[in-house]
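Owing to the predicted nature of the structure, the values given are computational and were not obtained by experimental measurement. Note: hydrogens, waters and symmetry copies are ignored here, and every other heavy atom, side chains too, is used.
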2 protein chains.
Amino acid sequence: MTSARAGQDAALHADAERPSRREQILQAAAQLFAERGSRAVGVDDVGAAVGVTGPAIYRHFASKDAMLAEMLLRISERLLEGGSERVADAGDDPAAQLRALVAFQVDFALDNPALITVQDRDLGSLTEADAAQVRRLQRRYVEVWVGVLARLHPGADAATCRARAHAIFGLINSTPHSAGRLNRPAMARLLADMAQAAATA
Amino acid sequence: MTSARAGQDAALHADAERPSRREQILQAAAQLFAERGSRAVGVDDVGAAVGVTGPAIYRHFASKDAMLAEMLLRISERLLEGGSERVADAGDDPAAQLRALVAFQVDFALDNPALITVQDRDLGSLTEADAAQVRRLQRRYVEVWVGVLARLHPGADAATCRARAHAIFGLINSTPHSAGRLNRPAMARLLADMAQAAATA
DNA sequence: CGGATTGGTTAACGGCGGTTCACACCCGGG
DNA sequence: CCCGGGTGTGAACCGCCGTTAACCAATCCG
């Protein structure tokens, strides 16, 4: 069940091979969970969103919680993987690494506002085991940022860098809250510039 | 047991009388809602947190939803009121006004992490009428920021300023996520500096 | 004093929602 | 042709939880 080719599940991709019912469900659920919160969304709602009745979900997932768990695990994995990759590809210059990380996070947030929302709203609805694993992945992703920030702020201790990283996430992940209005490239530039300034202040 | 001023949030009392049972409930509920989400918290849990059984809540609130509504309305009112006041007291210099707003928001977020969390996680659990009113207040608060930001960025349109304001909120409100570690004055300075930089970038 | 008010308690009700069950298709391969 | 696995359906089950009911202790006040 560890889906082998997991890199391509971006919440808004409907091409390639027609997404399996399973993937359709995950995507629709992410959307609904983001809008109303996972606990406020019924299994029937998720089913209806993909043109199926509620119990049909159980042909693809063991439970509603398992759905959420898989969703959150994938997000964390994609962030960690993508972030590490971007840093590795950016050479040795910490400033370049920061630019790469910022660009990556901005793209992710703009591409997947629903996932961003669910990730930090519904972590608490997971079993302790699942939550722990998600937190482990998240922490590793944060550490990627901390490594870069530490080189940019030689005087700062790790706790400060960590707080700084969280603040930058908060800034970039504000996207779902400032809904609409601004076209994507403008939004991307604005967020990147602000994040850059905040990171190097 | 009502020895009052132990570790209490500087939070929810519009009228700062001795904490009435009603206020105790609101405060305990805010804490629990922040930790687990309002839908995951039972009336019995809230009651237990103040040393009372579940149904006793209904002597003080019409319903669980009414509790949440009052909580969110108060937050929004306090932010709008406090923000407007700080700007008015800061004279005519937009840079000074921004500093005042940033300091205010940082103080609020550090003093009331629970309220910050609940405010944007559980807005969706309100009746449409209540949610609308909260959003109205929030919008007015945002507009206070937008007014200041617009003067600092003469070339920028309102939509950009609005997105900028939301991004700054995200940055400052990241506090609940970077739990602990950093002592309060250090955190306050870090957040203020980053917000300042992001706002003027 | 004594009745009304206030703030509790325990027990029960009722609906919602996740999950299971028994059954019905569709379809590909022996 | 039929058998079996994957997928979907409607009905039923069941536990949780918000809410109400009925009753009780204390306190306030005329």
Side-chain angles (χ1 to χ4, degrees), chain A residues 1 3 17-72 118 121-122 124-131, chain B residues 1-2 4 13 15 17-33 35-72 118 121-122 124-131:
Chain A
M1 44 194 66
S3 54
E17 305 143 17
R18 63 181 178 284
S20 66
R21 184 49 43 105
R22 203 183 141 85
E23 297 302 321
Q24 292 179 35
I25 291 174
L26 269 179
Q27 183 174 333
Q31 194 60 43
L32 290 172
F33 288 1
E35 285 164 10
R36 302 184 228 160
S38 69
R39 293 194 100 104
V41 173
V43 168
D44 290 354
D45 298 327
V46 177
V50 297
V52 143
T53 61
I57 301 281
Y58 292 85
R59 297 293 174 193
H60 305 275
F61 296 91
S63 69
K64 190 183 158 192
D65 286 340
M67 241 174 65
L68 181 62
E70 181 165 338
M71 198 180 305
L72 294 191
V118 174
R121 186 211 264 140
D122 292 293
S125 310
L126 259 49
T127 67
E128 197 41 56
D130 287 330
Chain B
M1 57 176 65
T2 51
H13 37 311
D15 47 358
E17 302 162 0
R18 76 284 184 204
S20 65
R21 186 42 56 95
R22 202 184 142 85
E23 297 303 320
Q24 291 179 32
I25 292 173
L26 270 179
Q27 182 174 334
Q31 193 61 42
L32 290 172
F33 287 2
E35 284 164 10
R36 301 184 227 160
S38 69
R39 289 191 102 102
V41 173
V43 168
D44 289 353
D45 298 328
V46 176
V50 297
V52 141
T53 62
I57 302 279
Y58 291 84
R59 298 291 172 192
H60 305 276
F61 295 92
S63 69
K64 190 185 158 189
D65 286 341
M67 239 174 66
L68 182 62
E70 181 165 340
M71 199 180 304
L72 294 192
V118 173
R121 187 212 264 138
D122 293 292
S125 310
L126 259 48
T127 67
E128 198 41 57
D130 287 330

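- The OH atom of Y58(A) sits 13 Å away from the P atom of dC21(C) (whole-angstrom rounding).
- Comparing R39(A) and A56(A) by the nucleotide of DNA chain D whose heavy atom lies nearest to each, the residue mapping closer to the 5' end is A56(A).
- Two residues are said to be in side-chain contact when any heavy atoms from C-beta on lie closer than 4.5 Å; V52(B) and R21(B) meet this criterion.
- Contact footprint of chain B on DNA chain D: nucleotides with an atom under 4.0 Å from a non-hydrogen protein atom, first to last in 5' to 3' order, dG18(D) to dC23(D).
- Counting any heavy atom pair closer than 4.0 Å across all strands shown, V46(B) reaches no nucleic acid atom.
- For the pair R22(B) CZ and dT6(C) C1', the interatomic distance rounds to 15 Å; values are reported in whole Å.
- Rounded to whole Å, the distance from CG on L68(A) to C1' on dG18(C) is 14 Å.
- M67(A) places a side-chain heavy atom less than 4.5 Å from the side chain of V46(A).
- Each of D65(B) and R59(B) has a nearest nucleotide on DNA chain D; the 5'-most of these lies closest to D65(B).
- For the side-chain hydrogen bond (donor to acceptor under 3.5 Å, both in side chains) condition, no pair includes a residue of residues 49-59 of chain B, sequence neighbours left out.
- The structure places CD1 of I57(B) at 11.0 Å from CZ of R22(B), a figure rounded to the nearest 0.5 Å.
- Distance check: L68(B) CG to T127(B) OG1 gives 9.5 Å after rounding to the nearest 0.5 Å.
- Here the side chain of K64(A) is nearest to one of dT19(C), dG8(C), dA11(C), namely dT19(C).
- Remark: R21(B) is not in phosphate contact with dT6(C), judged by side-chain N or O atoms under 4.0 Å from OP1 or OP2.
- Between the CG atom of L32(A) and the CD atom of Q27(A) there is a distance of 11.0 Å, given to the nearest 0.5 Å.
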